[in-house]
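Sharing a structure with you now.
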Protein chains: 2
Amino acid sequence: MTHRITVHEVLIAVFQVRTFTAAQGPELAVLLWQRAREPEEGSWSLPGGVLATDEDLSTSARRQLAEKVDVRTVAHLEQLSIFSDPDRVPGDRRIASNFLGLVPISSDPTLPVDTAWHPVARLPATSFDHGTVVRHARTRLVAKLSYTNIAFALAPVEFAMSTLREIYAAALGYQVDATNLQRVLARRKVLEATGRTSPSGKAGGRPPALYRFADASLRVTDEFAALRPPGQA
Amino acid sequence: MTHRITVHEVLIAVFQVRTFTAAQGPELAVLLWQRAREPEEGSWSLPGGVLATDEDLSTSARRQLAEKVDVRTVAHLEQLSIFSDPDRVPGDRRIASNFLGLVPISSDPTLPVDTAWHPVARLPATSFDHGTVVRHARTRLVAKLSYTNIAFALAPVEFAMSTLREIYAAALGYQVDATNLQRVLARRKVLEATGRTSPSGKAGGRPPALYRFADASLRVTDEFAALRPPGQA
DNA sequence: ACAAAAGTGTTCGTGCTACACCCATGG
DNA sequence: CCATGGGTGTAGCACGAACACTTTTGT
């Protein structure tokens, strides 16, 4: 155990809201690729790989991700925690920096043959600790949906509130009310009305107004739950 | 630049609420040591050092910290972000995992001669990017004070609300109302009354009731600011 | 006209702040 | 008995959840 090598790797949990079964409606999905060789042949892994000498973590994440998906479709990428257990993988010691990546519902990038989207609620057998990493990333995403504008990276450029409601419901894992969603996001100035409407669907119904996100980068919108600075009641 | 070595280091921002000038009252302080040799001789650095082969990050943080302060006084230690810019320090590439450590106001550990507490509001010249690291850790601490019980690691075992108020005010950087502080923390079941009181001070006054924190480890107390799961209004 | 989908309004509860007022002690 | 500090009560506001009601479209 003495002259063991330590390498630093990056693992990216890329999420997108996708429809798998028409009955169930859209679900949160994660991008995985299937290992063709040992170790853990056949199991599903997160995109990622070893950090190069002269790149920082997010540069590396983008480079590794490019092998599996067109990175231009990744609307948001941020570093989460680190998995540093010396025995988390066999062989050389690998310290993993875990990233969260988000792809808007409107894009459908072409994938390599070994790569596919999987619903996070029904993960296949995953490699090493990657299942834990995915669940952790999902937990962080759910939390951030409640106090940031992070949904901008899951939504199309313009959208009806009913679409946004479906996106939130899929990502959170429970139903949300489109009315209240609209009001919460409007109050925080996360959402803007475009002033335009979309044609109504085949079953009729009032044509929905179109909205867009005010910002295209992460913003904390509810900084202090309690103990605010004086005068900011 | 090709055969450059990459090492992984740990940096710990240890905070404590301390009184420097009687006029100003208690302030948030950070533990720093002064470099005796190049590079950056004379500047002040965070405790830390290179990760060993068979330890995980928090084990390493504890080990590095032991060189500067009695680790038994560190009531809370957690990993924050990572600083991975290839050129953040000269020489070998160093990836830094940034930790937050907290020491209760009631302990006053003995320190090596090169080590001292500095008010975060008046930092001396710091080494490399350590000033940025300190400010980042402070920002995280402030945020966590508003939605977790993290103050347990800054407070004594038992305390009057006025003491806790001073601790929060010092850590947050602005005044808080002891009455409301008590109510917010009580509602969240963060605080418990001991049922006992402390003798009143030299100027008289009603003797304060003593409280303690219900938990001695980090707990999130305000998970969803908005978009709660249905039925949890 | 009617169904379907979107949008508006209203009620209710809760959490937080601010501040006035009451209580217990030492000198 | 009064200054000092601690504790309690209360009013007001802002936010969010739930849900009924109205509006706008297609058939």
Side-chain angles (χ1 to χ4, degrees), chain A residues 25 145-148 158-169 172 174-211 220-233, chain B residues 25 145-148 158-169 172 174-211 220-233:
Chain A
L145 282 168
S146 100
Y147 67 91
T148 73
E158 298 192 352
F159 46 84
M161 281 312 300
S162 56
T163 305
L164 193 62
R165 193 199 67 75
E166 284 185 333
I167 292 169
Y168 269 85
L172 291 170
Y174 51 82
Q175 292 305 310
V176 294
D177 182 314
T179 300
N180 293 333
L181 180 61
Q182 202 277 336
R183 272 198 279 244
V184 167
L185 298 180
R187 180 165 26 230
R188 298 177 177 181
K189 307 234 188 316
V190 168
L191 233 50
E192 287 176 352
T194 64
R196 298 185 302 111
T197 59
S198 155
S200 54
K202 57 175 181 292
R206 178 170 170 171
L210 290 175
Y211 294 84
V220 174
T221 58
D222 195 38
E223 197 168 4
F224 296 102
L227 308 177
R228 303 186 251 283
Q232 315 222 3
Chain B
L145 281 169
S146 99
Y147 67 90
T148 72
E158 299 192 351
F159 47 83
M161 283 311 301
S162 56
T163 305
L164 193 62
R165 193 200 65 77
E166 285 185 334
I167 292 168
Y168 269 84
L172 292 170
Y174 52 82
Q175 292 306 310
V176 294
D177 182 313
T179 299
N180 294 333
L181 180 61
Q182 201 278 336
R183 272 198 278 243
V184 167
L185 298 180
R187 182 168 23 232
R188 298 178 177 180
K189 306 235 189 317
V190 167
L191 232 50
E192 287 176 351
T194 64
R196 298 187 301 112
T197 59
S198 155
S200 55
K202 58 174 181 288
R206 177 169 169 172
L210 290 175
Y211 295 84
V220 174
T221 59
D222 194 37
E223 197 169 4
F224 294 102
L227 308 176
R228 302 188 250 283
Q232 315 223 3

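Naming convention: chains lettered A, B, ... in sequence-line order (proteins, then strands); numbering from 1 in each chain.
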Requested in this report: For A:Thr179, report the nucleic acid contact type (base, sugar-phosphate, nothing); a contact means any heavy atom under 4.0 Å.
Outcome: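 Base, at least one base atom sits under 4.0 Å.
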
Starting at atom CE of B:Met161, determine the distance to atom P of D:dG7, rounded to an integer number of angstrom.
->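 Roughly 8 Å, once rounded to whole Å.
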
Query - Selection from D:dA17, C:dC16, C:dA18 that lies nearest to any side-chain heavy atom of B:Val184 - result: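 It is C:dC16.
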
Check every strand shown and say whether A:Arg165 touches a base, only sugar-phosphate, or nothing at a heavy-atom separation below 4.0 Å.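 Nothing, no heavy atom under 4.0 Å.
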
Open item on the list: What is the distance, to the nearest angstrom, from the CG atom on B:Leu210 to the P atom on C:dA24?
Closed with: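 For the pair B:Leu210 CG and C:dA24 P, the rounded distance is 17 Å.
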
Taking atom C1' of D:dT8 as reference, at what distance in whole Å does atom CG of B:Leu181 sit?
->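 To the nearest whole Å, that distance equals 16 Å.
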
- Given B:Thr148 and B:Val190, is the side-chain contact (heavy atoms from CB on, under 4.5 Å) satisfied, shown in steps? CA-CA 9 Å; B:Thr148 72; B:Val190 167; over 6 Å; no

**OP:** Look at the side chain of B:Arg183 and the base of D:dG7, then say whether one donor and one acceptor between them are separated by less than 3.5 Å.
**Re:**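 Looking at the base of D:dG7, it does not pair with any donor or acceptor on the side chain of B:Arg183 (distance under 3.5 Å).
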
Quiz item: Rounded to whole angstrom units, what separation is found between the CZ atom of B:Arg206 and the P atom of D:dT8?
Solution: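 From B:Arg206 CZ to D:dT8 P: 6 Å.
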
- Do any side-chain nitrogens or oxygens of A:Arg188 fall under 4.0 Å of OP1 or OP2 in D:dG16?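 Answer yes for this pair, as a side-chain N or O of A:Arg188 is under 4.0 Å from OP1 or OP2.
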
Margin query: Using a heavy-atom cut-off of 4.0 Å across all strands, would you classify B:Ala160 as base, sugar-phosphate, or nothing?
Written below: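 Nothing, no heavy atom under 4.0 Å.
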
Taking the side chain from A:Thr197 and the backbone from A:Pro207, do they hold a donor-acceptor pair closer than 3.5 Å?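 No, A:Thr197 side chain to A:Pro207 backbone: no donor-acceptor pair under 3.5 Å.
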
**Asked** Which whole-number value in Å describes the distance from B:Phe159 CZ to D:dG5 C1'?
**Response**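 Computing the B:Phe159:CZ to D:dG5:C1' distance gives 18 Å.
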
ask   = Under 4.0 Å between a side-chain N/O of A:Arg187 and OP1 or OP2 of D:dA14, yes or no?
value =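 No, outside the criterion.
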
Quiz item: Distance-only, no hydrogens or angles: does the A:Ser198 side chain make a donor-acceptor pair with backbone N or O of A:Pro208 under 3.5 Å?
Solution: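 Here the side-chain-to-backbone pair does not exist.
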
**OP:** Let me know the distance between CG of A:Asn180 and P of D:dA17, rounded to the nearest Å.
**Re:**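 That distance rounds to 6 Å.
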
Between atom OH in A:Tyr168 and atom P in D:dG16, what is the gap in whole Å?
->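 It works out to 12 Å between those atoms.
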
query: When you check the side-chain N and O atoms of A:Arg165 and A:Gln175, is any donor under 3.5 Å from an acceptor?
result: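 Yes.
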
